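Step one of this worksheet: look at the structure below.
Throughout, residue positions are numbered sequentially from 1 according to the sequence presented. Nothing here was measured: the structure is a model prediction, and the numbers come from that model.
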Amino acid sequence: MGMKMHSVESRFIAIVIGALLVFVAPLFLLFLILSSDRVARERLQNTETLLHANVQALGKPIWDFDRESVEQIATALQAGSNISYVRVRDTSNVIDIRRPEAEPDRSTIQSVVTADILHKSADGIRNVGTAEIWITKEGPFSRFTKDEMMIFAIFFFAVGTLFTAAIIGNRITIIRPLMRLTAAIDATQRLGSRHHVDWNSNDEMGSLARNFNEMQTKLEREEQELKSAHARATDIYNRTPAMLFSIDALDRITAVSDYWLTATGYERRQVIGCNFSDFVDDGERDAYRMRREQTAESNGTVEVTLRFRKADQSVMDVLILETNTVAAGDRQPLSLSVMTDVTQLKEAESRNHHQAITDHLTGLLNRQGFEAVLDEMISESDASKQKLACLFVDLDRFKWINDNLGHAAGDEVLCQVAARIRNQLRFNDMVARLGGDEFAILVCAADARQVAIDISHRLAATLRESLVVDGTEIKVSASIGVAVYPDHAATAPDLLQKSDMAMYARKRGGKNGVQLFDSNMVDIVRKRLEMEQCIDQGLRQDWFQAYLQPIVDLPSGRVAGFEALMRLHHPEKGILPPAEIVGLAEENGSILRVGDIILTKAIANLAVVSRLSGLEESYLAVNFSPLQFEPGLPHRLAALLLENGVLPCRIVIEITEAVLMLDSPVVCSVLESLSSLGCRIALDDFGTGYSSLSYLNRFPVDIVKVDQSFTRSLGSDQPEVARKSRMLIEGIRTISHQMGCAVVAEGIETEEERDMLCRMGLEFGQGYLFSRPLPLNELMDRLVEFTPQEQPDHRLLATVMTG
């Protein structure tokens with residue numbers, strides 16, 4: 001182990017020496033001082049005693065002037081160990097003996113002892129001289145005897161032995177284990193492995209060594225676990241199938257995972273220490289740097305999407321999710337970022353966005369895309385000081401095409417229509433399919449109104465030309481509404497709405513044409529809205545009523561049946577126009593509820609009327625909208641008839657040519673079911689359509705109703721008109737009777753018209769001549785007036801009823 005002095009040992013020696021100097025040395029010095037004083041006093045007393053004894057011996061020689069004896073006695077006195085000078089002289093100064101001859105330095109003299117020399121003579125005791133003895137100063141140890149010096153030597157030896165034993169004991173019990181502990185710590189620091197202390201004892205140092213070894217064992221175990229955890233974390237960091245990287249506070253890359261390197265193509269030495277923004281595409285760097293400002297608002301987590309440049313200089317879209325933690329103590333802030341390649345996702349989003357704003361059938365913009373473009377084009381028109389026209393295009397017969405030719409044919413029609421629309425537009429005009437058979441076009445120009453009108457007329461003309469679908473020629477036309485920004489509208493939604501209003505105005509005006517928006521249309525729409533609200537409120541508060549108008553047997557004047565007519569009785573406005581109510585109800589889909597209410601009340605009214613004498617077999621004619629022909633209609637009608645005790649043969653289903661023109665399989669099936677139930681079918685407004693005669697052959701029609709326009713023309717002031725009307729009515733009668741159908745003339749208002757119709761052979765008629773449509777209570781009073789002169793001939797009616 002060597003004799004190298006250690007700080008602990010040095011401090012121990014210093015403490016021991018300090019203790020000796022502070023406690024032992026003062027006591028020993030005090031002992032020396034006391035002992036020296038004692039020895040000095042004893043020697044002084046001995047010297048004085050010796051001097052006094054020899055002085056008595058000098059008395060006679062000096063009295064006798066025996067110089068030689070005096071010298072002998074002085075020499076004997078000077079021989080003392082502590083006597084440095086002796087002087088003897090007589091009172092007469094004859095004898096003055098000095099030993100040695102020269103006086104010593106008085107500074108070396110401790111004390112001078114003098115005594116008078118006396119001699120007893122015959123005259124008495126006389127002073128014959130004086131004697132001086134100079135006692136020399138002695139050191140503190142020179143005063144002691146050998147025995148005393150041995151005692152002092154033994155004391156010093158004991159102290160030295162104790163000191164040496166303390167040093168050796170300290171070195172054995174403290175320094176050696178401390179040196180081994182220090183060596184273990186040095187080895188641990190130098191070699192990186194945990195070294196133990198080789199020391200076994202039952203004292204505190206042994207306990208310290210054991211605790212140190214246990215601590216080393218624990219630290220070694222924890223260090224091994226930490227290394228394993230770090231190795232696992234590193235493996236996880238590198239092997240995680242995600243691009244992980246870390247950056248410091250200055251955005252410098254501090255770590256990247258293996259997957260990050262594989263995905264980007266870089267090597268680790270190329271990126272560590274570099275600013276991450278160096279790898280970001282130039283146009284995205286500002287967005288990446290701004291993420292720091294977002295961190296405080298997102299609780300330390302922020303995400304940003306940007307374009308990252310790979311090692312091969314290709315660019316990929318990445319989503320970076322960055323998490324930062326606050327630094328603890330002197331540690332640097334931690335950052336872990338996950339970079340995900342979202343290139344395909346961005347491309348998919350772009351495709352999805354394109355699909356989201358594009359109509360999949362025609363390739364045009366859809367409503368969502370159109371509304372976005374509309375906002376942009378309004379901003380552009382404001383910036384360029386131009387106007388923007390919106391053309392709203394709606395096909396007129398598209399539902400018929402879908403219902404009769406199928407949806408595949410309808411889709412092909414839409415595609416061809418879209419192609420024709422595009423061919424009529426300029427390169428910068430926008431077109432979209434808003435849904436169904438509705439299209440919208442945006443035209444931006446200084447004279448946008450005139451340009452839009454010109455395009456609309458060209459579109460109307462080209463759409464009137466036949467389309468060929470699967471070898472079949474199809475006729476289709478369009479109603480087009482035009483509105484201009486900022487002349488007619490101030491916002492994008494308002495512009496689209498105004499063009500839609502113009503299109504519906506064209507629809508109501510006869511379809512197949514162009515209509516420019518007019519401010520009066522707003523009033524029309526407002527009235528329509530009020531009417532729709534009345535319909536809705538009427539359904540909720542039971543304002544709808546079923547009025548009945550008698551159908552009279554013309555020859556006899558007896559009531560043969562009734563036509564049920566819908567009336568909406570508003571508590572403040574009175575009876576609202578029925579035609580407008582029906583039209584709006586068909587448009588907004590409420591016609592089904594209205595029709596059910598009227599059918600229910602009409603059958604109930606028929607049951608009440610049937611209690612009157614002579615009306616037990618009267619029938620009820622009910623008008624049906626094309627939208628009411630649903631598969632469940634026969635079942636509902638049968639349930640109502642059973643509930644009210646009315647036979648099906650007393651119910652006449654009135655249909656218009658518009659229903660038959662649909663030629664829908666559902667409509668045909670419902671008509672056949674109603675006919676099988678026992679109900680009769682009446683063809684209303686006969687003679688006003690394109691192919692009414694063919695319908696008599698194709699459908700189970702039992703009654704034909706002559707349109708009131710023919711009846712009113714019988715009394716025309718123009719002979720030619722009256723003549724043609726008579727011929728038409730007679731022709732309808734002849735054809736109907738030959739096909740087994742009864743004929744009912746509508747709109748009879750004068751006795752002259754009634755007489756003429758009777759002469760033509762028409763069986764039944766209805767009109768204001770007989771009665772207006774009336775509610776049930778008024779009708780009951782009015783029926784009393786019908787007192788025919790003769791019993792009606794019910795044979796024809798029975799024939800019609802039985803088919």
Evaluate the side-chain proximity of V482 to V514: yes if any heavy-atom separation is below 4.5 Å, no if none is. yes
Below 4.5 Å, heavy atoms only, C-beta onward: do N623 and L565 meet side chain to side chain? yes
Residue that, paired with L364, satisfies side chain to side chain contact (heavy atoms under 4.5 Å, CB included) out of T362, L361, N366: T362
In sequence, state the C-alpha distance, the side-chain angles, and the governing distance for D487 and R449, and then conclude on side chain to side chain contact (heavy atoms under 4.5 Å, CB included). CA-CA 9 Å; D487 297 348; R449 180 189 300 232; 3.4 Å; yes
Please examine the side chains of V393 and M503, heavy atoms only from C-beta on, and report whether any two atoms are closer than 4.5 Å. no
Using the rule side chain to side chain contact (heavy atoms under 4.5 Å, CB included), only one of D707, L757, T734, V743 pairs with I729; which is it? L757
Could K705 and E563 be called an ion pair, given the rule that one side-chain N must be under 4.0 Å from one carboxylate O? yes
A quick test of your reading: do over 12 heavy atoms of other residues, nucleotides or ligands sit less than 6.0 Å from NZ of K573? yes
Exceeds 12 heavy-atom contacts within 6.0 angstrom, atom CZ of R772: no
Measure the spacing between CE of M521 and NE2 of H488 and express it to the nearest 0.5 Å. 9.0 Å
Main-chain N/O of V468 paired with Q416 side-chain donor or acceptor, under 3.5 Å: yes
Within-4.5 Å side-chain heavy-atom neighbours: E473 and L467: no
State, with a plain yes or no, whether a side-chain heavy atom of F398 is found less than 4.5 Å away from one of V417. no
Taking atom types as modelled, find out whether D394 and S479 have a side-chain donor-acceptor pair closer than 3.5 angstrom. no
I'd like to know if D429 pairs up with R426 as an ion pair, taking the criterion as any Lys NZ or Arg NE/NH1/NH2 lying under 4.0 Å from an Asp or Glu carboxylate oxygen. yes
Closest heavy-atom contact between L388 and M377? CD1-CE, 3.8 Å
Working to the nearest 0.5 Å, report the span between CD of E376 and SG of C444. 12.5 Å
Donor-acceptor under 3.5 Å (S625 side chain, L627 main chain): yes
Taking all non-hydrogen atoms of both residues, which atom of L495 and which atom of C390 are closest, and how far apart? CG-CB, 3.8 Å
So how far is it from T462 OG1 to Q424 CD, rounded to the nearest 0.5 Å? 5.0 Å
When you check the gap from the basic side-chain N to the acidic O, do E749 and R712 get nearer than 4.0 Å? yes
Roughly how far, to the nearest 0.5 Å, is the OH atom of Y485 from the OG atom of S381? 5.5 Å
What are the two closest non-hydrogen atoms of I480 and A460, and how far apart are they? CD1-N, 4.0 Å
Of all heavy-atom pairs between I421 and L459, which one has the smallest distance, and what is that distance? CA-CD2, 3.6 Å
Keeping the roles fixed (side chain from N423, backbone from A419), state whether a donor-acceptor pair exists under 3.5 Å. yes
Report yes or no: does S713 contribute a side-chain atom to a donor-acceptor pair with the main-chain N or O of S716 at less than 3.5 Å? no
Taking 4.0 angstrom as the limit, do R723 and E720 come out as a salt bridge? yes
Is any side-chain N of the basic residue among D536 and R540 closer than 4.0 Å to the acidic one's carboxylate O? yes
When rounded to the nearest 0.5 angstrom, what is the spacing between CG in L391 and CG in L442? 8.5 Å
Within 45° cone of F370 ring axis and under 6.0 Å: R367 NZ or CZ: no
Considering the options E746, Q549, Q708, which one meets the side chain to side chain donor-acceptor pair (under 3.5 Å) requirement together with Q766? Q549
I'd like to know if D518 and K498 make a salt bridge, using a cut-off of under 4.0 Å between side-chain N and carboxylate O. no
If you take all heavy atoms of E753 and G747, which pair is closest and at what distance? OE1-O, 3.7 Å
Worked verdict on D317 versus R307 for salt bridge (Lys or Arg N to Asp or Glu O under 4.0 Å): CA-CA 5 Å; D317 293 299; R307 296 175 63 79; 3.2 Å; yes
Within-4.5 Å side-chain heavy-atom neighbours: Y547 and I575: yes
Testing the basics here: between P634 and L674, what is the closest heavy-atom pair and its distance to 0.1 Å? CA-CD2, 3.9 Å
Assess the residue pair V431 and L365 against the criterion (side chain to side chain contact (heavy atoms under 4.5 Å, CB included)); give the C-alpha distance rounded to whole Å, side-chain angles, the decisive distance to 0.1 Å, and a yes or no. CA-CA 7 Å; V431 59; L365 290 176; over 6 Å; no
Criterion side chain to side chain contact (heavy atoms under 4.5 Å, CB included) on L434 and F439, from CA distance to verdict: CA-CA 5 Å; L434 302 183; F439 296 84; over 6 Å; no
Does the plane of the ring in F764 sit parallel, tilted or perpendicular to the ring in Y619? Use 30° and 60° as the thresholds. perpendicular
Look at K507 together with D396 and state whether they make a salt bridge at an N to O cut-off of under 4.0 Å. yes
Sub-3.5 Å donor-acceptor pair from the side chain of E654 to the main-chain atoms of I681, do we have one? no
Side chains of K527 and E580 in contact at under 4.5 Å (non-hydrogen atoms): no
Check this for me: does any side-chain nitrogen of one of R433 and D359 sit under 4.0 Å from a carboxylate oxygen of the other? yes
Return the CZ to CG distance between F562 and L774, rounded to the nearest 0.5 Å. 10.0 Å
Say whether, by atom type as modelled, one donor and one acceptor occur between the side chain of S499 and the main chain of L496 under 3.5 angstrom. yes
Do the side chains of F770 and I748 get nearer than 4.5 Å, heavy atoms only? yes
Donor-acceptor pair, distance only, cut-off 3.5 Å: does the side chain of S379 make one with the backbone of D375? yes
When you look at K475 and R464, which way does the side chain to side chain contact (heavy atoms under 4.5 Å, CB included) test go after all the steps? CA-CA 7 Å; K475 290 285 186 177; R464 280 193 292 268; over 6 Å; no
